[in-house]
Amino acid sequence: MESITPPRRNKAFVVRLYPNAAQAERINRTLGCARFVYNHFLARRIETYRQDGKGMTYAATDKALTLLKREEGTAWLAEVDKFALQQSLRDLERAYQNFFRTTKKSGKKVGFPKFKKKRTGEAYRTQFTNNNIELGEGHIKLPKLGWVKTKGQRDMQGKILNVTVRRVHEGHYEASVLCEVEIPYLPAAPKFAAGVDVGIKDFAIVTDGKEFTHHANPRYYRPTLSRLRKAQKTLSRRKKGSARYGKAKTKLARIHKRVANKRQDFLHKLTTSLVREYEIIGTEHLKPDDMRKNRRLSLSISDAGWGEFMRQLEYKATWYGRLVSKISPYFPSSQMCHDCGFKNAEVKNLAVREWTCPNCGEIHDRDENAALNIRREALVAAGIADTLNARRECVSPASAGNVR
C-alpha cells in the first residue's frame, strides 16, 4: 500500500528574541528605515499622480530605491537589511491594490494608503536566500544582526521562507519564522459531528447531538481594567518623549500583551481539542464587527475573541483534514425548537435563557438548543443527510501530534 505524502503548508513559529544592545539598535534602525521608505515612496507616488495623472509602479519604486541608497543624504539606507526595505515597497503596492479592490467581507473599499508613524508593534520582514537565515540551539541567525538569542518554539522545522521581526514594545522583540512544512492529516476522530454555539456567558457550548460541553468564558480583559486605567493615567501625566514616558508606555504595553497571550493560549487549546475530537464542526457564520455595534456588548464581544476563534478553527481543520461547516448568520438557531421546529420570536430577547416550546412543550436551555440546531443545520449545509447521525463510532489512535 502506497503511503500518502502529507500536504505542504506554510506554518509560522513565533520565538522571543533577546538581542544585545547593538542588535537592538540595529533592529530599531531597520524599523525606522522601513517606515521611511514606505512614507517616502507614498509621497512620491502621490506627487507623480498629481503631475502626470499616472502613479508609480512597484518596479519603478524598486529602481528608485536603489538610486536613493546611493544619494549622499540617504546613504544610511544601505546599512540595514535590503529585504526589509523591499518588503516596505511590496506593502505599499498591496495597500494601493487594496484601495482599488472591493473587499469580499463588507463590499466596501479600503481607505487610501496612510503615512506610517512610529508606534508599538512595528515590524519588518526579511526573505530567506543563500542561507542568510539559520536556526540554532536557542539562537537564530538574521541578516545584518548575526546570531540572536531566542526562547520559545523548540519544534521549528521545514524550509524557511521568511522571518518577520517585531518590536512588541520597548525591550521586547519577537520573530515569526514562516516555514513550509509537511503536516499529515489526523486519524479518524472519536466523534462524527459537533455543533458549536459561542456566547458571552459561556464562551462555547459544544454538542455531539447527545451530550453537551460548556466551555467557560475566561474574560481575560475585564479583570485587568483597573490596572489598565492606572497605567493609562500614569502615562497621560508623563511628558511625551521623556524617559519616564517611555517606561510608562512599556508598562501599559506589557499589560495588553499579557492579556493577548492568555486569550491566544485559551483559543489554541480549545480549537485544537475540537479538531482532534470531531470530523465535522458546525458553527455560525459570525460577523463580530457588526455585532460590536451593540454598545452594551461590544467590550464583552471584543474580549471573547470570536473572530480569532473562527480563524484558528478554519485553518486547523484545513491542515488536519477536518471540515468546518458554517450556517447562515440569519438562521434562527436560538429561536427554533430543535424537537418540532417551532420558531419562538420571544427568544430574541437575550435575557431569556430558558424557554418552553408552545408547540410541543419541550423545555430548552437557550444555548444548548442553539448548539443542537447549529449541528443539524451544519450537516445539511455540508450536504450530509441527517441519517448519518447514526454513523458508526470510530476511535482515534492516541497521540495526534502537536496540533497548533
Side-chain angles (χ1 to χ4, degrees), residues 14-40 42-43 73-74 76-77 79-81 84-85 87-88 91 113-126 138-140 142-152 163-176 218-266 292 298-300 302-303 305 308:
V14 180
V15 296
R16 173 80 181 269
L17 296 180
Y18 292 89
N20 56 36
Q23 290 171 335
E25 190 273 336
R26 182 58 63 88
I27 292 175
N28 293 335
R29 191 191 304 180
T30 305
L31 291 171
C33 290
R35 185 173 61 251
F36 171 84
V37 167
Y38 186 96
N39 292 339
H40 175 82
L42 175 57
T74 52
W76 38 268
L77 289 174
E79 299 175 3
V80 300
D81 185 3
L85 306 185
Q87 185 62 42
S88 286
D91 292 341
K114 298 179 180 179
F115 291 95
K116 291 188 175 183
K117 299 179 181 179
K118 185 178 180 180
R119 59 180 177 81
T120 301
E122 278 188 292
Y124 73 85
R125 181 174 300 162
T126 182
H139 290 80
I140 183 172
L142 296 172
K144 298 291 186 178
L145 297 179
W147 289 97
V148 185
K149 185 180 178 182
T150 64
K151 280 187 180 180
V163 175
T164 301
V165 179
R166 184 178 306 278
R167 181 178 60 202
V168 181
H169 55 73
E170 198 63 37
H172 185 131
Y173 301 91
E174 291 180 352
S176 178
R219 294 183 173 88
Y220 292 117
Y221 183 74
R222 285 188 178 276
T224 62
L225 279 176
S226 59
R227 293 177 59 202
L228 285 169
R229 290 192 187 103
K230 184 177 179 181
Q232 187 65 58
K233 285 182 178 179
T234 302
L235 178 64
S236 64
R237 296 191 192 103
R238 302 292 183 250
K239 183 179 179 181
K240 194 170 184 178
S242 66
R244 299 181 73 193
Y245 180 89
K247 291 180 180 179
K249 187 177 180 180
T250 300
K251 185 176 181 179
L252 179 63
R254 282 175 178 168
I255 299 174
H256 279 293
K257 180 62 176 175
R258 183 169 178 80
V259 172
N261 286 346
K262 286 182 177 180
R263 186 183 296 116
Q264 280 288 92
D265 183 68
F266 167 76
R292 278 194 289 265
S298 60
L299 180 59
S300 297
S302 298
D303 189 12
E308 177 64 12

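If you read the sequence from its start, that first residue is 1, and numbering goes on from there.
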Interatomic distance, Leu31 atom CG to Tyr173 atom OH [nearest 0.5 angstrom]: 7.5 Å
message: I'd like to know if Arg263 pairs up with Asp303 as an ion pair, taking the criterion as any Lys NZ or Arg NE/NH1/NH2 lying under 4.0 Å from an Asp or Glu carboxylate oxygen.
response: yes
message: Can you confirm whether His172 sits close enough to Arg16 that some side-chain heavy atom of one is under 4.5 Å from a side-chain heavy atom of the other?
response: yes
query: Can you tell me how far CG of Leu17 sits from CD of Glu174, rounded to the nearest 0.5 angstrom?
result: 8.0 Å
message: With side-chain contact (heavy atoms from CB on, under 4.5 Å) as the criterion, how do His169 and Arg254 come out once you've worked through the C-alpha distance, each side chain's angles and the decisive distance to 0.1 Å?
response: CA-CA 8 Å; His169 55 73; Arg254 282 175 178 168; 3.3 Å; yes
- request: Flag the pair Phe36 / Thr74 as yes when at least one side-chain heavy-atom distance between them is below 4.5 Å, and no otherwise.
  value: yes
message: Around atom NZ of Lys116, are there more than 12 heavy atoms from other residues, nucleotides or ligands closer than 6.0 Å?
response: yes
- request: Determine whether Gln23 and Arg26 make a side-chain contact, defined as any pair of heavy atoms from C-beta on separated by less than 4.5 Å.
  value: no
- request: State which residues pass salt bridge (charged side-chain N to carboxylate O under 4.0 Å, His left out) with Glu122; sequence neighbours excluded, sorted by chain then number.
  value: Arg35, Arg167
message: To check you understand the geometry: which heavy-atom pair defines the closest contact between Tyr220 and Lys262, and what is its length?
response: CE1-O, 3.5 Å
field: Candidates Lys257, Arg258, Gln264 - the one meeting side chain to side chain contact (heavy atoms under 4.5 Å, CB included) with Asn261
entry: Lys257
- line: When rounded to the nearest 0.5 Å, the distance separating OG1 of Thr120 from NE2 of His256 is 9.5 Å
- request: For the residue pair Thr126 and Gln87, establish whether any side-chain heavy-atom pair is separated by less than 4.5 Å.
  value: no
message: Distance check, rounded to the nearest 0.5 Å: Ile255 atom CD1 versus Thr250 atom OG1?
response: 11.5 Å
field: Nearest non-hydrogen partners of Tyr38 and Asp91, listed with the distance
entry: CE1-C, 4.0 Å
query: Tell me, do Tyr124 and Ile27 make a side-chain contact under 4.5 Å, heavy atoms counted?
result: yes
task: Over all heavy atoms of both residues, which pair between Ala34 and Ala84 is shortest? Give the atoms and the distance, please.
output: CB-O, 4.3 Å
message: Would you say that Tyr245 contacts Leu235 through its side chain, given a criterion of any heavy-atom pair below 4.5 Å between the two side chains?
response: yes
task: Check step by step if side-chain contact (heavy atoms from CB on, under 4.5 Å) holds for Val80 and Lys144.
output: CA-CA 7 Å; Val80 300; Lys144 298 291 186 178; 5.7 Å; no
task: Give a yes or no answer on whether the side chain of Arg125 reaches the backbone of Thr164 with a donor-acceptor pair at less than 3.5 Å.
output: no
- prompt: Could you give the distance from CG (Asn39) to OG (Ser88), rounded to the nearest 0.5 Å?
  reply: 9.0 Å
message: Between Arg219 and Leu299, is there a side-chain heavy-atom distance shorter than 4.5 Å?
response: no
- prompt: Can you list every pair that meets salt bridge (Lys or Arg N to Asp or Glu O under 4.0 Å) and has a residue in residues 220-247, with sequence neighbours left out?
  reply: none
field: Leu142 vs Asp81 side-chain heavy atoms within contact, under 4.5 Å
entry: no
- line: All heavy atoms of Ala43 vs all of Phe115, minimum pair found to be N-CE2, 3.9 Å
